[in-house]
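Report on one structure; see the data block that follows.
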2 protein chains.
Amino acid sequence: MAKRNFSLKRNAIYQVLCATDTHPSARWVYDQLKPSIPDLSLGTVYRNIALFKDEGTVRVICNVNGEERYDGNVEPHSHFVCNCCGRVIDVEDESMSSDFTSGLFEKGFTVESRYVLYYGICPECKENNLH
Amino acid sequence: MAKRNFSLKRNAIYQVLCATDTHPSARWVYDQLKPSIPDLSLGTVYRNIALFKDEGTVRVICNVNGEERYDGNVEPHSHFVCNCCGRVIDVEDESMSSDFTSGLFEKGFTVESRYVLYYGICPECKENNLH
DNA sequence: TTAAAATCAGTAATGATTATCGAGTTCTTT
DNA sequence: AAAGAACTCGATAATCATTACTGATTTTAA
């Protein structure tokens, strides 16, 4: 079994992605780590997130205001995107019954992943009348 | 009832978006129209698509290779995105029963729209061994 | 007719993401 | 331990989709 050989910075980036449920952008990860790792560069964050995407250990959830948003939790679950504040919030996944593939297999498609996104206004924005 | 006052170019852009099921990017729409409307500019395509988005008459389906993909069909339906060729293909929508909101309403969320995206390999790419 | 509003081409600006490059650093094999 | 391959990274430049700006032209409404 191959040992995963994480560098300090790569590991830190991955930890941030796994420890938060804010589904952050690359810059947010960078801003989180910069104080404790002053010589971190934004390119390194992008480079390592690209590696995680290739590995399949991190997923792109959606794109909010031009920024990709990532999730270190690759268990199947859905997301709610607030059209007002841009927050991306975890949602219990709908039951993943086989008919959810919409007969794609029978039509010759290979389904590798499935995303469910809800868009709307989150409770905080409703409460603060920001919408 | 307010008359919708479409300019020639705005109308042409909307027609292209409604007449195709390729879920095109802005540039694709531009390339389609440029031969018949030689003085069309790409900025105009973006500007009018932004209007359609605000109106709700056109939707952003997903982002493939950095390009937003649009759909003039706003009836609820799902989409399959080919990870190989980037095509976006219509899929019969899953039955839209109320439990698909995952209890979001009860939690204070206002759900304005819901997207289901499948990612994988389309039949053509499988056949051509492009994956 | 006339002034405000809408539309647009052309171009510049923005901003997220990616590529490049040279300099360390770590691993491997001996 | 030494040599060299492979890895990692900061800094910076480049790319590219999208947006903003500007001045001209057209349409609308009174």
Side-chain angles (χ1 to χ4, degrees), chain A residues 1-17 22-55 57-71 81 83 86 88, chain B residues 1-17 22-55 57-71 81 83 86 88:
Chain A
M1 190 167 312
K3 177 177 71 132
R4 281 177 72 173
N5 190 10
F6 273 12
S7 72
L8 176 90
K9 286 170 185 173
R10 179 168 307 165
N11 204 46
I13 292 164
Y14 185 65
Q15 292 308 316
V16 168
L17 283 168
T22 60
H23 313 86
S25 64
R27 175 164 292 279
W28 189 92
V29 174
Y30 171 78
D31 290 339
Q32 290 293 115
L33 290 172
K34 188 68 175 174
S36 54
I37 311 179
D39 68 338
L40 179 68
S41 100
L42 184 55
T44 295
V45 176
Y46 275 108
R47 192 184 319 116
N48 284 292
I49 288 178
L51 290 176
F52 301 145
K53 287 197 280 186
D54 287 347
E55 280 181 357
T57 49
V58 164
R59 285 189 167 192
V60 181
I61 296 305
C62 56
N63 189 302
V64 179
N65 298 328
E67 286 188 330
E68 281 196 345
R69 303 286 288 265
Y70 309 101
D71 196 341
V81 182
N83 285 328
V88 180
Chain B
M1 188 167 317
K3 178 176 71 132
R4 280 178 70 173
N5 188 10
F6 272 14
S7 71
L8 176 90
K9 286 169 184 172
R10 179 168 305 165
N11 204 47
I13 292 164
Y14 185 65
Q15 292 308 316
V16 168
L17 284 168
T22 59
H23 313 86
S25 64
R27 174 163 292 279
W28 190 91
V29 174
Y30 171 78
D31 290 340
Q32 290 293 114
L33 290 172
K34 188 69 175 171
S36 54
I37 310 179
D39 68 339
L40 179 68
S41 100
L42 183 55
T44 294
V45 175
Y46 275 108
R47 189 184 327 114
N48 284 291
I49 288 178
L51 291 176
F52 300 146
K53 287 198 277 185
D54 288 347
E55 281 182 353
T57 48
V58 163
R59 286 188 164 192
V60 181
I61 296 306
C62 56
N63 188 303
V64 179
N65 297 328
E67 286 188 331
E68 281 196 345
R69 302 286 288 266
Y70 308 101
D71 196 342
V81 181
N83 284 329
V88 181

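Convention: sequence-line order gives letters A, B, ...; per-chain numbering from 1. Reckoned from all heavy atoms, side chains included, excluding hydrogens, waters and symmetry mates.
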Exercise. OP1, OP2 of dA6(C) versus side-chain N and O of Ser7(B): anything below 4.0 Å?
Worked result: no
Problem set entry | Spacing between Asn11(A) atom CG and dC7(D) atom C1', to the nearest angstrom | 16 Å
For this session: For Leu40(B) and dT25(D), give me the distance from atom CG to atom C1', rounded to whole Å.
Result: 16 Å
For this session: Flag the pair Trp28(A) / Arg69(A) as yes when at least one side-chain heavy-atom distance between them is below 4.5 Å, and no otherwise.
Result: no
Problem set entry | Gap between atoms CD1 and C1', on Ile13(B) and dT7(C) respectively (whole Å) | 11 Å
Seminar exercise, completed: From the list Val58(B), Val29(B), Leu8(B), side chain to side chain contact (heavy atoms under 4.5 Å, CB included) with Ile13(B) holds only for Val29(B)
Exercise. Is the phosphate of dT7(C), meaning OP1 or OP2, less than 4.0 Å from a side-chain N or O of Arg47(B)?
Worked result: no
For this session: Let me know the distance between CH2 of Trp28(B) and P of dA17(D), rounded to the nearest Å.
Result: 17 Å
Problem set entry | Whether over 12 other heavy atoms sit under 6.0 Å from Asp54(A) CG | yes
Seminar exercise, completed: When rounded to the nearest 0.5 Å, the distance separating CG of Asp31(A) from OG of Ser25(A) is 7.5 Å
Exercise. Side chains of Ile37(B) and Asp39(B): does their closest heavy-atom pair fall under 4.5 Å?
Worked result: yes
For this session: Send over the distance from Asp39(B) CG to dT7(C) P, rounded to a whole Å.
Result: 16 Å
Exercise. Nearest-Å distance, CG (Leu8(B)) to C1' (dA6(C))?
Worked result: 15 Å
For this session: Let me know the distance between CG of Asn48(B) and C1' of dA6(C), rounded to the nearest Å.
Result: 11 Å
Exercise. Is there a side-chain contact between Tyr14(B) and Asn48(B), using heavy atoms and a 4.5 Å cut-off?
Worked result: no
For this session: Assign each of Leu51(A) and Lys34(A) to its nearest nucleotide of DNA chain D by heavy atoms, then name whichever residue's nucleotide is nearer the 5' end.
Result: Leu51(A)
Enumerate all atom pairs, one protein N or O and one N or O from nucleotides 14-18 of chain C, separated by less than 3.5 Å.
| unit_1 | atom_1 | unit_2 | atom_2 | d |
| --- | --- | --- | --- | --- |
| dA16(C) | O3' | Gly66(A) | O | 3.3 |
| dT17(C) | OP1 | Glu68(A) | N | 2.8 |
| dT17(C) | OP2 | Tyr46(A) | OH | 2.3 |
| dT17(C) | O5' | Tyr46(A) | OH | 3.4 |

